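Following: one structure in structure tokens, then a few remarks.
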Amino acid sequence: METSGVSNPVTAVLLNFRGYDTLLEMAVLLVALLGVWSLGSAAVYRRSNPEPVLLSLVGVLVPMLLLMAGYLLWVGADAPGGAFQAGSVLAAAGILMLLACKRPPVQLLGWSLRLVLVLGLGAFIAVGVSLLSASGMFLQYPPGLAGALILFIEAAATLSIGVTLAALFLGGRLDPDA
Amino acid sequence: MEVAVENMPWGVMVILLPLAGALVCFLWPRRSVPLGLLGALGVVACVTGLCWQVVEQGAQRYTVGGWGAPLGIDLYADGLSLLMLMMTAVVGLGISIYSSGYFEHKTAVVFWPLWLFLWTALNALLLSADIFNLYVTLELLGLSAVALVALAGGADALTAAMRYLLVGLLGSLCYLLGVALLYHSFGSVDIAILAERMELSPAVWAAVGLMSAGLLLKTALFPLHFWLPPAHASAPVPVSALLSALVVMASFYILLRLWLEVFPPGAAAAGQLLGLLGATAVLWGGIQALRQTRLKLLIAYSTVAQMGYLFLAFPLGTSFAWKGALYLLLSHAMAKAAMFMAAGNILRFGGHDRIADLDRVAQRLPLTLAAFSLAGISIMGLPPSGGFIGKWMLLDAAFYRGQWWWALILIMGGLLTAAYVFKVVGYAFTQAEVTHEASRVPAGMEWTALVLALAAVLLGLFAPWPLALLDIGFPFSGGCAE
Amino acid sequence: MNSILLYALAGVGLFTLGLYALIVHAHLLRKILAINVMGSGVFLVLVSLGGRTPGASPDPVPHAMVITGIVVAVSATALALALMLRVQAKTGQTLLPEERLE
């Protein structure tokens, strides 16, 4: 436990002892999004101008949610919290924005969106492979670096999870050209 | 250099490479076909490396994260997982080559990442030594398979995918509840540790029942097969091939591992029941296949029947019977993939797969018909095919154990198979006017089907080597094996 | 009967309830919900059996498993809902063909 780099036992199991499960599970999340995207385009929203109440609520809630996601990510190392909790809160902020008809700019929907979606898995694999070439064991964190590496993976994962969940909410592909 | 190859953790590479390939294909959709093919070749190279390592150094165990079994997750490669990985690599390469000419660009950009994710799941599943990790791989496999079935897009495919998803989730939840009970009873999810600590209690029996039921549902053993024919028949052709050849085998593999290593010896009594269900599947699947009027549905019902044969090894329980069943599984994977590909060529050529209208395919698609017939030979179990070796070993085991009635099922199943294979081949040879427009089938698609079918037949001629591989790590020596 | 066993039995109860609903209800949305109820039942079993002795700090491994399970359940539910909508768009019904009115 002392060498795991984090003092929250659940995070230690998720990201260190059984980190490989978490890696595969992030693949599951991305596969679900690919499946949803393959079924068709996202529905176009009916309402063009959302209610002012919703808009002002979004103005208050979204910054708070972002702050909370950052906090949950940070605190996950030694108290309940972590990438999935932070990612869900991030997704909630994204969904609120989508409900308020604030869609992301078209130029971000292509390559940049895909990059953010694979960021978590990519960071996980990159860390795993560099440790593999350094120590000969996949995902074996050196004791001194474990905390930092776990935080790095979790930060990337939080972003990917948040965006994936928000994209799943749309229920279809986001076409830059549609 | 050689030291580097020796110490390379090939077992980890076999999982990471298709995963990285899937991400790369997803990031650069315009290049998904060449990138995907490159990924497929890379996986084959890694499996070859692993094969070399296991043959040279014996069974391999990797501790992911360096923690080791009670705390972390182990990957384990013995002869059984190696042979399954090699089969997946061969069929997977064939499917990759076939798909490179099959899909339009719009579908291809989704197909390639999903297919590489599915391949990741298969390899991870075959190497996992941890029953909870197996659950995660099962879900990854299931979700990517459902998404691939839905790629066909029609009403049939969508409803089949929906049913497949619900059935798959039901199966994995039953499995997960079993995992929860086993973890509670023994404090570990590692297969080797569970095998060591195994003690009988009501909770263990419930776990065995739940996990078996979930896996049997996913393996489509009669009477839990209802979801398979529509899903396998309505999917795009390369997807049908990989579902019938590889995906159904994955849950069978987990069941086999648990049966051999984890489940208490008392479970052997259930072997008779599994054998009975298998026998019913052989007959029922054969009869249903014979009744079909569409080629793809016929092949899908044939899968139901062929899965039945594998369960005949459970009541016999000798290492000879297990090897026979696995040999059958191996040659079925290649033959069935070839059969679906041949059906796909016919579908593309004539625009339909109505068996009664398969006129004059023989003259115009000779390679495809040869592929179908060769695959048929292996599935019927005629010498010298791989199917023959597998059935002969099961037959031998049945007489050795004095349970001759299973031999009867093997023979009747073979006759039914012969009947439905000849039904197709017969129609294809019928002389008739060409009434419909034919479209060209790319040569690569015809050759892939032929090479896989040929491989299934040749497996019969080179049986000693794969059978010797199966002994590495003695997978058939513990649990309910005897 | 201690509270851990009570929670575990409640989990098994939820699982059974979900299984029953999955079988008897024809509407796809209900089937998807039923699967989710079953999943919650399994998670409840996992978490409750993780608290071996009341008072002591619980075993973190089942908790991590449940988080993994929840992510899988969310993914599967999202895919199932999207698929259900496509089935409805293509066939006009949110039923599997074998469950259309007798």
Side-chain angles (χ1 to χ4, degrees), chain B residues 70-73 114 130-133 135-140 142-147 149-150 152-185 187-190 203 206-207 210 213-214 226-227 230, chain C residues 4 8 11-12 14-16 18-19 22-23 28 31-32 34-50 52 59-62 64-66 68-69 71-73 75-100:
Chain B
L71 202 53
I73 301 167
L114 281 174
D130 180 294
I131 55 172
F132 183 77
N133 185 248
Y135 162 75
V136 183
T137 61
L138 262 180
E139 290 286 25
L140 185 59
L143 288 195
S144 39
V146 167
V149 171
D156 284 351
L158 289 170
T159 43
M162 188 77 229
R163 188 186 301 109
Y164 186 24
L165 178 57
L166 292 172
V167 165
L169 289 174
L170 173 62
S172 18
L173 282 176
C174 289
Y175 176 84
L176 185 62
L177 189 55
V179 172
L181 293 176
L182 284 188
Y183 182 79
H184 174 65
S185 305
S188 175
V189 278
D190 181 77
L210 282 164
F226 59 93
W227 56 271
Chain C
I4 289 175
V12 173
L14 275 179
F15 182 86
T16 321
L19 181 62
L22 180 69
I23 294 167
L28 284 173
K31 282 191 187 290
I32 296 170
I35 288 272
N36 272 286
V37 171
M38 287 178 74
S40 308
V42 178
F43 300 152
L44 189 55
V45 171
L46 264 169
V47 169
S48 60
L49 295 183
R52 288 165 180 273
D59 182 0
V61 175
M65 287 177 180
V66 168
T68 304
V71 176
V72 169
S75 315
T77 308
L79 183 60
L81 289 174
L83 206 52
M84 180 190 82
L85 290 176
R86 296 300 297 169
V87 167
Q88 190 190 24
K90 283 271 174 185
T91 64
Q93 280 177 304
T94 38
L95 306 171
L96 292 175
E98 61 267 28
E99 297 191 274
R100 296 212 177 112

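Just the heavy atoms: all of them, side chains too, but no hydrogens, waters or symmetry mates, feed the values below. What you are looking at is a predicted structure, and each value in this text was computed from that prediction instead of being measured. Lettering follows sequence order; numbering is per chain, from 1.
- The part of L96(C) that comes within reach of chain B is its side chain, from C-beta onward, which places non-hydrogen atoms under 4.5 angstrom from that chain.
- Distance CE/M38(C) to CG/L176(B): 10.5 Å, rounded to 0.5 Å.
- In terms of non-hydrogen atom pairs under 4.5 Å with chain B, the most contact-rich of V12(C), T68(C), L19(C) is T68(C).
- From L85(C), atom CG reaches atom CG of L158(B) across 11.5 Å, with rounding to the nearest 0.5 Å.
- A pairwise comparison of heavy atoms in L165(B) and A76(C) identifies CD2-O, 4.2 Å as the closest pair.
- Distance check: L83(C) CG to R163(B) CZ gives 11.5 Å after rounding to the nearest 0.5 Å.
- Side-chain atoms of P62(C) and H184(B), non-hydrogen and from C-beta on, never get closer than 4.5 Å to each other.
- Residue A161(B) touches chain C through both its backbone and its side chain, counting heavy-atom pairs closer than 4.5 Å.
- In this structure, A180(B) and L49(C) approach most closely via the heavy-atom pair O-CD1, 4.3 Å.
- In terms of heavy atoms, K90(C) sits closest to G153(B) at CE-O, 3.3 Å.
- Looking at Y135(B), only its side chain comes within 4.5 Å of chain C, counting heavy atoms on both sides.
- Under the 4.5 Å side-chain criterion, counting only non-hydrogen atoms from C-beta, V61(C) is not in contact with F132(B).
- Under the 4.5 Å side-chain criterion, counting only non-hydrogen atoms from C-beta, T159(B) is not in contact with E98(C).
- Top candidate by heavy-atom pairs under 4.5 Å with chain C, chosen from L166(B), L140(B), V179(B), is L166(B).
- For D59(C) against Y183(B), the heavy-atom pair with the smallest separation is OD2-OH, 2.5 Å.
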